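The structure is given below, and queries will be raised subsequently.
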Amino acid sequence: MRRPTPVGRVGRIMRSRIRRHPTAERARHTKTSPGQHDPRACYSTRPNPTPQIAMPELPEVETTRRGIAPHIEGRTVTEVAIRQPKLRWPVSEPLAAAIQGKRLREVGRRGKYLLLGFDSGTALIHLGMSGSLRIVKPDEPPRFHDHFDIAFGNRVLRYCDPRRFGCLLWVESDPYGHSLLASLGPEPLGEDFTPEYLFQRSRKRRVPIKQFLMDSKTVVGVGNIYANEALYMAGIKPIRKASTLTKRQSELLVAQIRFVLQRSIDQGGTTLRDFVGGDGQPGYFKQQLLVYGRGTEPCKQCGKALKEIRMNNRTTVYCTDCQR
DNA sequence: ACAAGCACCTGAAAGC
DNA sequence: TGCTTTCAGGTGCTTG
């Protein structure tokens, strides 16, 4: 089916929207005209193995953090190369100059954001839907979608993102006060994410429970895959209104969310070597998923065909018998 | 405050 | 076979 094209007044308004982040620098990107420098000229030629697209959910981001941290923490930035500044928001203009010669204190994480903490300022990195980071040697030629490098001597942190939904922003003040992080809900593996919290928070919410869980203001790091899995394991139907959640179900749900995320992080630990010289992709997609991606295959508990629907434009899979 | 829907992007898959 | 269209999805923003 053809995508509806916005028409009339509303369409004009939508088309005229400017893509920017309110607190991000308003870097302007003029189109490259003939004769001008084409940023893509920096890339090696296109025929390289297409990077596998894995959806980075919280376990992937945490594994990435653990994978890159030992190689770059405590080291000093020797060079920054931005080949493609047009990510979800323009790469912060002052970033390269700001971190040049600076020492990286630590690699932190808040939700799905990675925080490269320097002595003065923080680089915020989000992997979007298809982003990945890996450590390469300085002489390794960039592939087609390798959009930026941050070099630490002989170790280069390289960012690849075919769909460019990720971002690289420079924040000089307290990063946790930045608008992207300030309103985030609790960490799912932290002590603030309790059954009581989830229960109270869901009281007046009429949206489907799955959508409620995927809202980063409720809890961070629960994307489509893990929302499907956790709801299946907790025996809760994704389309139910959040407000119908019982206290007992809140307990089950919190426990299952913690379980599926922790298990994935544990499994990711076995693929850390992939971050150096490899493709930078943790091997999560190999893990066994109970419902996500199984379409209408039989439920692993009762054998009945799973149901696949679209909810809020997201694929949702559940068992009509095991989930109530 | 809450809810709904769009935008961003491009490789892969499906459709013709 | 080859071209065109649709789908996938995280998440901030705008509108209702």
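Protein chains get the first letters and strands the later ones, always in sequence-line order, with residue 1 at the start of each. The figures here come from the full heavy-atom set of this structure, side chains too, leaving out hydrogens, waters and symmetry mates. What you see is a predicted model, and the numbers here were worked out from it, not measured in a lab.
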Take the protein atom NE2 of A/His126 and the nucleotide atom P of B/dC9, then report the distance between them rounded to whole Å.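 My rounded result for the distance is 17 Å.
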
Would you say a side-chain N or O of A/Thr315 is under 4.0 Å from OP1 or OP2 of C/dG9?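 Answer yes for this pair, as a side-chain N or O of A/Thr315 is under 4.0 Å from OP1 or OP2.
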
Could you tell me the separation between the NZ atom of A/Lys86 and the C1' atom of B/dC8, rounded to a whole number of Å?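 Distance, rounded to whole Å: 12 Å.
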
Does A/Ser216 place a side-chain N or O at less than 4.0 Å from the phosphate oxygens OP1/OP2 of C/dG12?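 So the side-chain polar atoms of A/Ser216 do come within 4.0 Å of the phosphate oxygens OP1 or OP2 of C/dG12, strictly under.
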
In whole angstroms, how far is the C1' atom of C/dG10 from the OH atom of A/Tyr292?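 After rounding, the reported distance stands at 12 Å.
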
Do the side-chain N or O atoms of A/Lys112 get closer than 4.0 angstrom to the phosphate oxygens (OP1, OP2) of C/dT11?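 Looking at the OP1 and OP2 atoms of C/dT11, one of them is under 4.0 Å from a side-chain N or O of A/Lys112.
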
Using only heavy-atom distances, decide whether a donor-acceptor pair under 3.5 angstrom links the side-chain of A/Arg88 to the base of B/dT10.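 By the distance-only test, no, there is no pair.
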
Would you mind telling me which residue lines up with the more 5' stretch of DNA chain B, A/Asp161 or A/Arg201, judged by nearest nucleotide?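 The residue mapped nearer the 5' terminus is A/Arg201.
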
Note, DNA chain C 5' to 3' with Watson-Crick or G-U pairs under 3.5 Å encoded as ( ), [ ], | and . gives .|||||||||||||||

Whether A/Asp161 and A/Arg88 form a salt bridge (side-chain N of Lys/Arg under 4.0 Å from carboxylate O of Asp/Glu) is what I want to check.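 Judged by the 4.0 Å cut-off on N to carboxylate O distance, A/Arg88 and A/Asp161 do not form a salt bridge.
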
CD of A/Glu57 versus C1' of C/dA8: gap in Å, rounded?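 Value for this atom pair: 13 Å.
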
Looking at A/Tyr292, I'd like to know if the NZ or CZ of A/Arg294 sits under 6.0 Å from its six-membered ring centre while staying within 45 degrees of the ring's axis.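 The answer is no; the distance or angle limit is not met.
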
Report the nucleotide, chosen from B/dG11, C/dG12, B/dA3, that has the shortest atom-to-atom distance to any side-chain atom of A/Leu180.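 Out of B/dG11, C/dG12, B/dA3, the nucleotide with an atom closest to A/Leu180's side chain is C/dG12.
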
Taking atom C1' of B/dA4 as reference, at what distance in whole Å does atom CZ of A/Arg205 sit?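 Value for this atom pair: 12 Å.
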
Proximity to the side chain of A/His145 - top-ranked nucleotide from B/dG11, C/dG12, B/dC9: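 The listed nucleotide nearest to A/His145's side chain is B/dG11.
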
Any idea which of B/dA3, B/dC9, C/dG10 is nearest the A/Arg163 side chain?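 For A/Arg163, the side-chain atoms sit closest to B/dC9.
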
If the condition is side-chain hydrogen bond (donor to acceptor under 3.5 Å, both in side chains), which residues does A/Asp215 pass it with, not counting sequence neighbours?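 Once residues adjacent in sequence are excluded, A/Asp215 has no partner under the side-chain hydrogen bond (donor to acceptor under 3.5 Å, both in side chains) criterion.
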
Candidate nucleotides C/dT11, C/dG9, B/dA4, ranked by approach to the side chain of A/Gln211 - the nearest: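 Taking heavy atoms from C-beta onward, the closest nucleotide is B/dA4.
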
Under the 3.5 angstrom rule, does the side chain of A/Glu79 hit a backbone N or O of A/Ala151 as a donor-acceptor pair?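 No.
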
How far apart are the C-alpha atoms of A/Glu251 and A/Lys247, what are their side-chain angles, what is the distance that settles it, and do they pass the salt bridge (Lys or Arg N to Asp or Glu O under 4.0 Å) test? CA-CA 6 Å; A/Glu251 286 174 22; A/Lys247 286 202 172 184; over 6 Å; no

What is the distance from atom CD1 of A/Ile150 to atom CD1 of A/Ile68, rounded to the nearest 0.5 Å?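 A/Ile150 atom CD1 to A/Ile68 atom CD1 measures 9.0 Å (nearest 0.5 Å).
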
Students often mix this up, so state it plainly: with edges at 30° and 60°, are the rings of A/Tyr159 and A/Phe148 parallel, tilted or perpendicular?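 Parallel.
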
Phosphate OP1/OP2 of C/dA8 contacted by A/Arg310 side-chain N/O (<4.0 Å):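 For C/dA8, OP1/OP2 do have a side-chain N/O of A/Arg310 under 4.0 Å.
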
Would you say the side chain of A/Arg314 and the base of C/dG10 hold a donor-acceptor pair, judged only by whether the two atoms sit under 3.5 Å apart?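 Yes, the side chain and the base share a sub-3.5 Å donor-acceptor pair.
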
Distance in angstrom units between A/Lys217 NZ and B/dA1 P, rounded: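 So the NZ-P distance, A/Lys217 to B/dA1, works out to 11 Å.
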
So with a 6.0 Å cut-off around NZ of A/Lys307, is the heavy-atom count from everything else above 12?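 Atom NZ in A/Lys307 is not crowded, with 12 or fewer foreign heavy atoms closer than 6.0 Å.
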
Proximal nucleotide (of C/dG10, B/dT10, B/dA4) relative to the A/Arg164 side chain: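 So the nucleotide nearest the side chain must be B/dT10.
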
Looking at B/dC8 and A/Phe165: do their rings stack (centroid distance under 5.5 Å, interplanar angle under 30°)?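 Given the distance and angle limits, yes, they stack.
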
What integer distance in Å separates A/Arg203:CZ from B/dC2:P?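 Atom-to-atom, A/Arg203 to B/dC2, this comes out as 13 Å.
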
Could you give the OH-to-C1' distance, from A/Tyr226 to C/dG9, as a whole number of Å?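 In whole Å, C/dG9 C1' lies 15 Å from A/Tyr226 OH.
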
